[in-house]
Amino acid sequence: MSIKLRLTAWYSGILAVMLLAFSAAIFGFFYINTYGDLKDRLRNQAKGESLDVVFDKRLEAQNLYGQMYFYDSRDFIQSMTLKNIDLRFDIPARETLKGEGFKDAYYRGYHFLIYQKAIYIEGYGNNPAAVLQMAAYTGDQDKLLDRLKTILITGSFATLIAAFTLGLFLARKAMSPIGKVIEAAEGIQTGNDLSVRIEYNGPPDEIGRLIRTVNSMLGRMEGFYKNLEDSYAAQRRFVSDASHELRTPLTTIRGNIELLQKVWELEPGENPSLDEAAIRQISVESVHDIADEAKRMSRLVADMLSLARADTGRTFEKEPVALEPMMNEVARRAGFLPREAEWITEDLSVLNGKYVLGNKDYLQQMLFIFIDNAFKYTPSGEVTFGAVIYQQQVGIRVADTGIGMEKDEVPHIFDRFYRADESRGITEGIGLGLSIAKWIIDEHGGSVEVVTRQGEGTTFVIWLPLLFAAPLE
């Protein structure tokens, strides 16, 4: 059974019980009042001081029927109303007559309500001498109550049917938004369109809140699946680019190994042009190429492991790091890197007593990525290393006067395996360094600014939040 039918059935059942109770109360009220008034009339009429008064002298007695029976003489005294219809009521046995009471009786198919009362006379002891019976014809009252019963039953059934029909209509209308929710859920189950939303213009009741929750859930699911698809696409690109980057060193290593294998398998005198010195030269060059490609693969694997760690959400331990000693150490070690450009270190005393919350090793790795990048793309000119303090942040600046980039390339330089077109085939690299640097900056709650112009150079400013400023020693 559907929820609409269950709701309607419960509503109709409760209404039926209420109608039954209400109808019974109305019928009982009318029954008690109708027959109660009649009983009072009979009882009051039987209190007359003489038989004439009891039977005929009062106006209200004209619609009543009365008789008195004397047990010993077996005499009857009847009211004129009873004589006119030539009727006698049944006489109760003397031994069964006790006090007074009411009874229902049918004579000639007519219903009478009879009040009978024992009459005691001195000399008869505890036995009644006579019985007084006052009766009223209750046909009108019976008809009234029958009509009332019919009206109550018919009205209750009509009300119940109307309520069931209207309740089913209202339940169907109230539950129609739930049907939309079901349709949307089935559409999601059978299709791929997560942009569908349920339209609802009703009041903010339980169903309205449910629809808002479902729409919010659909929005989150759409975002989740979109991010998942983007992640799958990025993963496919990553695997494709990694395969491409690994293919070159593996091909070089394999070619040099095959060359060495052929040279070393030559029989003496088989190739007179290859003397011992030539074979030694070929071997040295091949081993050198293999070593270089192995180092390149090692760097690639290390970078991929760092990015895999970033993708899994893993982080690193952080502690207060003094900026001035770390920056001086980076500046000193950067001077030993292979380069063609001039290495210029600005005054770093502004960082005295300044700290950031981070990891020293990862911060140094990030800075060396930017510095090494600047050296690669600056065949001649200068690479400048400095810092600035601004609004509780430290800005570490790495600027070069190298080849620069086009502005439309800037949004992609932090993508994995991306390399600017001008640098392809000119400088070494696999395009993962800046991606790793961006992850380290994000983990430290920082940001990076890029200012570049084709042929004029590039400036990177890494902004990190300061932890506190220690007093000068």
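All residue numbers refer to positions in the sequence shown, counting from 1. As a basis for the values below, the full set of heavy atoms in this structure was taken, side chains included, without hydrogen atoms, waters or symmetry mates. Everything numeric here is computed off the predicted structure, so don't read it as measured data.
Note on ring orientation: taking the six-membered ring where Trp is involved, the planes of Y137 and Y110 are perpendicular (angle over 60°, cut-offs 30° and 60°). In this structure, H111 and Y106 have parallel ring planes: the angle between them is below the 30° cut-off, well short of the 60° mark.
Inter-residue side-chain proximity for Y362 and W439 is flagged as met; some heavy-atom pair is nearer than 4.5 Å. Side-chain contact between V388 and V394 is absent, with no heavy atoms from C-beta onward closer than 4.5 Å. Under the 4.5 Å side-chain criterion, counting only non-hydrogen atoms from C-beta, R43 is in contact with F102. Here the side chains of W463 and V461 are in contact, with some heavy-atom distance below 4.5 Å. Between L464 and L466 there is no side-chain heavy-atom pair separated by less than 4.5 Å. Counting heavy atoms from C-beta outward, M327 and L367 have side chains that approach closer than 4.5 Å. A heavy-atom distance below 4.5 Å is found between the side chains of F385 and V330. Side-chain atoms of Q141 and T138, non-hydrogen and from C-beta on, do get closer than 4.5 Å to each other.
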Could you walk me through whether K376 and E340 pass salt bridge (Lys or Arg N to Asp or Glu O under 4.0 Å), step by step? CA-CA 9 Å; K376 286 180 182 180; E340 298 293 335; over 6 Å; no

The test is side chain to side chain contact (heavy atoms under 4.5 Å, CB included); show your working for N373 and L434 and say whether it passes. CA-CA 9 Å; N373 219 48; L434 291 181; 3.9 Å; yes

Might you work through the side chain to side chain contact (heavy atoms under 4.5 Å, CB included) test for I389 and L351, ending with a clear yes or no? CA-CA 8 Å; I389 301 297; L351 300 178; 3.9 Å; yes

Run Y31 and L145 through side chain to side chain contact (heavy atoms under 4.5 Å, CB included) and show every step you take. CA-CA 7 Å; Y31 182 89; L145 292 177; 3.5 Å; yes

Passes side chain to side chain contact (heavy atoms under 4.5 Å, CB included), E324 versus K354? Steps please. CA-CA 7 Å; E324 186 180 23; K354 301 300 189 294; over 6 Å; no

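Listed for the T401 side chain is a donor-acceptor partner under 3.5 Å among the backbone atoms of E382. A donor-acceptor distance shorter than 3.5 angstrom exists from the side chain of D400 to the backbone of T458, with no hydrogens or angles considered. Of the possible polar contacts, one joining the N44 side chain to the D40 backbone as a donor-acceptor pair under 3.5 Å is found.
A salt bridge does not link K143 to D146: none of the charged side-chain nitrogens sits closer than 4.0 Å to a carboxylate oxygen. Using a cutoff of 4.0 Å between basic side-chain nitrogens and carboxylate oxygens, K438 and E443 are not scored as salt-bridged. Salt bridge R397/E346: present, at least one basic N to carboxylate O contact under 4.0 Å.
For R209, the CZ atom is densely surrounded, since the number of other residues' heavy atoms within 6.0 Å is greater than 12. Atom NZ of K103 has more than 12 heavy atoms from other residues, nucleotides or ligands within 6.0 Å. Atom OH of Y35 has more than 12 neighbouring heavy atoms from other residues, nucleotides or ligands inside a 6.0 Å radius. Enclosure of atom CZ in R254 is not indicated, since only 12 or fewer non-hydrogen atoms of other residues, nucleotides or ligands lie within 6.0 angstrom.
Across all their heavy atoms, L357 and P320 have their closest contact at CD1-N, 3.9 Å. In terms of heavy atoms, S447 sits closest to I441 at N-CG2, 3.4 Å. Shown here for A341 and V383, the closest heavy-atom pair between the two residues is CB-CG2, 4.0 Å. Shown here for S156 and L19, the closest heavy-atom pair between the two residues is O-CD1, 3.5 Å. Of all non-hydrogen atoms in A374 and V398, the two that sit nearest each other are CB-CG1, 4.2 Å. Closest approach of L15 to A163, counting heavy atoms only: CD2-CB, 3.1 Å.
Note that the CD atom of Q365 and the CG atom of N359 stand 9.5 Å from one another [nearest 0.5 Å]. Here the OG1-CD1 distance, from T384 to I344, works out to 4.5 Å after rounding to the nearest 0.5 Å. Once rounded to the nearest 0.5 Å, the distance linking CD1 of I32 with NZ of K39 reads 9.5 Å. Atom-to-atom distance recorded for L42:CG and D37:CG is 11.0 Å, nearest 0.5 angstrom. Interatomic distance, OG1 of T452 versus CD of E406, reported as 8.5 Å (0.5 Å rounding). Atom CE in M366 sits 12.5 Å away from atom CG in D361 (nearest 0.5 Å).
When I153, T159, T154 are each tested for a side chain to side chain contact (heavy atoms under 4.5 Å, CB included) with F157, only one passes: I153. A side chain to side chain contact (heavy atoms under 4.5 Å, CB included) with H444 is found for one member of V321, L363, V356 and no other, namely L363. Screening W343, F336, F368 for a ring pair (Phe, Tyr, Trp, His ring centres under 6.0 Å) involving F375 leaves a single residue, W343.
Residues S216 and R212 bring no donor and acceptor atom of their side chains to less than 3.5 Å of each other.
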